[in-house]
Student: 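One structure is given below, represented as structure tokens, and several questions about it will come after.
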2 protein chains.
Amino acid sequence: MAGDTEKYRDLLKKYGCKVTKQRILVLRTLEEKPDSHMTAEEIYDEIKVDFPEIGLATVYRTIQLLSELHLINRMQVDDGYTRYEIGHLEEPVGKHHHHHLVCLQCHKIISFEEDLLEGLEKSIGEKTGFVVVDHEVTLYGYCKECGGKLIEKTTT
Amino acid sequence: MAGDTEKYRDLLKKYGCKVTKQRILVLRTLEEKPDSHMTAEEIYDEIKVDFPEIGLATVYRTIQLLSELHLINRMQVDDGYTRYEIGHLEEPVGKHHHHHLVCLQCHKIISFEEDLLEGLEKSIGEKTGFVVVDHEVTLYGYCKECGGKLIEKTTT
DNA sequence: GTCCATGCAAATGATTTGCAGTATC
DNA sequence: GATACTGCAAATCATTTGCATGGAC
């Protein structure tokens with residue numbers, strides 16, 4: 001974990017940003033739960049446990065900065081919140097092929113990796129003149145738990 | 001166009017909703033520009049031209065209702081607004097396979113249809129126990145116009 | 001020591017809600 | 001004619017911003 005701090009320190013420096021405890025903490029919080037897809041407020045609450053002086057505005061400002069640097073990814077699942085996950089720092093921007101399963105019942109988000117659209121990107125590009133640099137696939141459905149509990153709804 | 005009004009009238013009745021001028025107008029506005037991906041306020045402004053008495057709150061309420069009925073689709077492109085498009089009313093819920101190209105430069109959204117993930121849905125389901133009922137693919141890149149104008153950025 | 005980042009509190013802006021009047025069925 | 005829908009204005013709530021203080025380099 002301390003090694004990761006080092007990694008983030010270097011990345012922030014590389015982009016000409018000051019290295020602050022708050023920035024490291026946001027990155028570490030998201031890294032420790034790579035599949036948690038936290039909201040700004042959740043990140044704030046999590047950090048406050050060990051570092052109560054942090055302000056919510058700082059979390060928002062940090063999140064915005066880190067998104068612009070592509071160190072974290074922004075995502076929306078239509079529940080009114082913007083959520084964040086740690087980026088894939090090793091790979092170049094737009095090449096992470098990281099996708100999501102969203103449970104329509106409990107809003108759980110599961111990530112998965114899969115290189116499924118390489119071919120499609122090319123053919124779309126040829127048809128439309130669009131240069132595709134990234135893609136995101138979201139699958140909607142019901143997770144194992146909710147699928148079991150699912151009560152059948154009869155439309156009125 | 002009048003024929004479409006008929007269609008919407010029937011759909012609303014089928015779901016047990018009252019048929020009002022406002023609801024028909026929202027549906028018609030979105031149908032007339034199927035690729036416009038309008039915000040609530042844009043829909044409001046458009047309708048106001050011919051029907052100035054409409055209220056913005058009604059547009060929001062109508063949009064919410066129509067989304068729940070899957071007559072329109074909600075989407076977010078990370079520009080701070082929630083946008084809407086007319087649904088594919090002929091097909092059952094979750095089977096429309098309707099995807100988007102988003103231009104990273106001008107934020108233009110282009111829709112396209114393609115049945116690309118049928119196989120994936122099954123294999124994901126088997127691996128994770130997730131029952132997939134729908135999917136959405138978003139491709140990010142640069143449209144023909146912006147791609148041309150694109151100034152090359154050298155990464156520091 | 002300088003300048004950027006932080007924390008707090010106040011501001012913003014999209015969306016929601018309460019309520020009295022109006023239209024649909 | 002009853003009930004659901006509308007319009008308006010006020011309320012809400014996530015996110016942003018101004019400003020004085022504190023910390024990074």
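Numbers restart at 1 for each chain; the letters A, B, ... are given by sequence-line order, proteins then strands.
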Student: CG of B:L12 versus P of D:dC5: gap in Å, rounded?
Tutor: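 That distance rounds to 10 Å.
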
Student: Map B:K13 and B:Q64 onto DNA chain C by nearest heavy atom, then report which one ends up closer to the 5' terminus.
Tutor: B:Q64

Student: Tell me what A:R61 touches on the nucleic acid: a base, only sugar-phosphate, or nothing, going by heavy atoms under 4.0 Å.
Tutor: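 A:R61: base contact, heavy atoms under 4.0 Å.
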
Student: Can you tell me how the ring of B:H100 sits relative to the ring of B:H37, calling it parallel under 30°, perpendicular over 60° and tilted otherwise?
Tutor: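 Aromatic pair B:H100/B:H37 classed perpendicular.
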
Student: With nearest nucleotide decided by heavy atoms, which residue, B:K18 or B:Y44, maps closer to the 5′ end of DNA chain D?
Tutor: B:K18

Student: For B:C17 and A:A57, find the nucleotide of DNA chain C closest to each by heavy atoms; which residue's nucleotide sits nearer the 5' end?
Tutor: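 Taking each residue's closest nucleotide, the earlier one in sequence belongs to A:A57.
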
Student: Do A:E42 and A:R83 pass the salt bridge (Lys or Arg N to Asp or Glu O under 4.0 Å) test, and can you show the C-alpha distance, the side-chain angles, and the key distance before you say yes or no?
Tutor: CA-CA 9 Å; A:E42 286 166 354; A:R83 296 174 174 278; 3.6 Å; yes

Student: Looking at D:dA14, I'd like to know if its phosphate oxygens (OP1 or OP2) sit under 4.0 Å from a side-chain N or O belonging to A:T82.
Tutor: no

Student: Nearest whole angstrom, please: distance from the P of C:dA5 to the CD of A:E68.
Tutor: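 Between P of C:dA5 and CD of A:E68: 12 Å.
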
Student: Output the rounded distance in Å from CG (A:L25) to C1' (C:dG7).
Tutor: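 Rounded to the whole Å, the gap is 15 Å.
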
Student: Does this structure show an ion pair linking A:K21 with A:E53, if we count only N-O contacts that are shorter than 4.0 Å?
Tutor: no

Student: Taking CD1 from B:I47 and C1' from D:dG7, how many angstroms apart are they, rounded to a whole number?
Tutor: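 For the pair B:I47 CD1 and D:dG7 C1', the rounded distance is 14 Å.
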
Student: Could you state the OH-C1' distance from B:Y60 to D:dA9, rounded to the nearest angstrom?
Tutor: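 To the nearest whole Å, that distance equals 16 Å.
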
Student: Report the nucleotide, chosen from C:dT6, D:dA14, C:dG7, that has the shortest atom-to-atom distance to any side-chain atom of A:E53.
Tutor: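 Nucleotide nearest to A:E53's side chain: C:dG7.
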
Student: Please give, in whole Å, the distance from C:dT6 C1' to A:L56 CG?
Tutor: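 Value for this atom pair: 13 Å.
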
Student: Rounding to an integer number of Å, can you tell me how far B:Y15 OH sits from D:dC5 P?
Tutor: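 Those two atoms, OH and P, are 16 Å apart.
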
Student: Could you give the NZ-to-C1' distance, from A:K21 to D:dA24, as a whole number of Å?
Tutor: 14 Å

Student: Establish, from distance only, whether the side-chain atoms of B:E31 and B:Y8 form a donor-acceptor pair under 3.5 Å.
Tutor: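 Yes, a side-chain donor-acceptor pair sits under 3.5 Å.
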
Student: Check whether any side-chain nitrogen or oxygen of B:T20 sits under 4.0 Å from OP1 or OP2 of D:dT6, and answer yes or no.
Tutor: yes

Student: Tell me whether the OP1 or OP2 atom of C:dG7 has a side-chain N or O from A:Q22 closer than 4.0 Å.
Tutor: yes

Student: If hydrophobic clusters are built from ILVMFWY residues whose side chains come within less than 4.5 Å, do B:V102 and B:Y81 share one?
Tutor: no

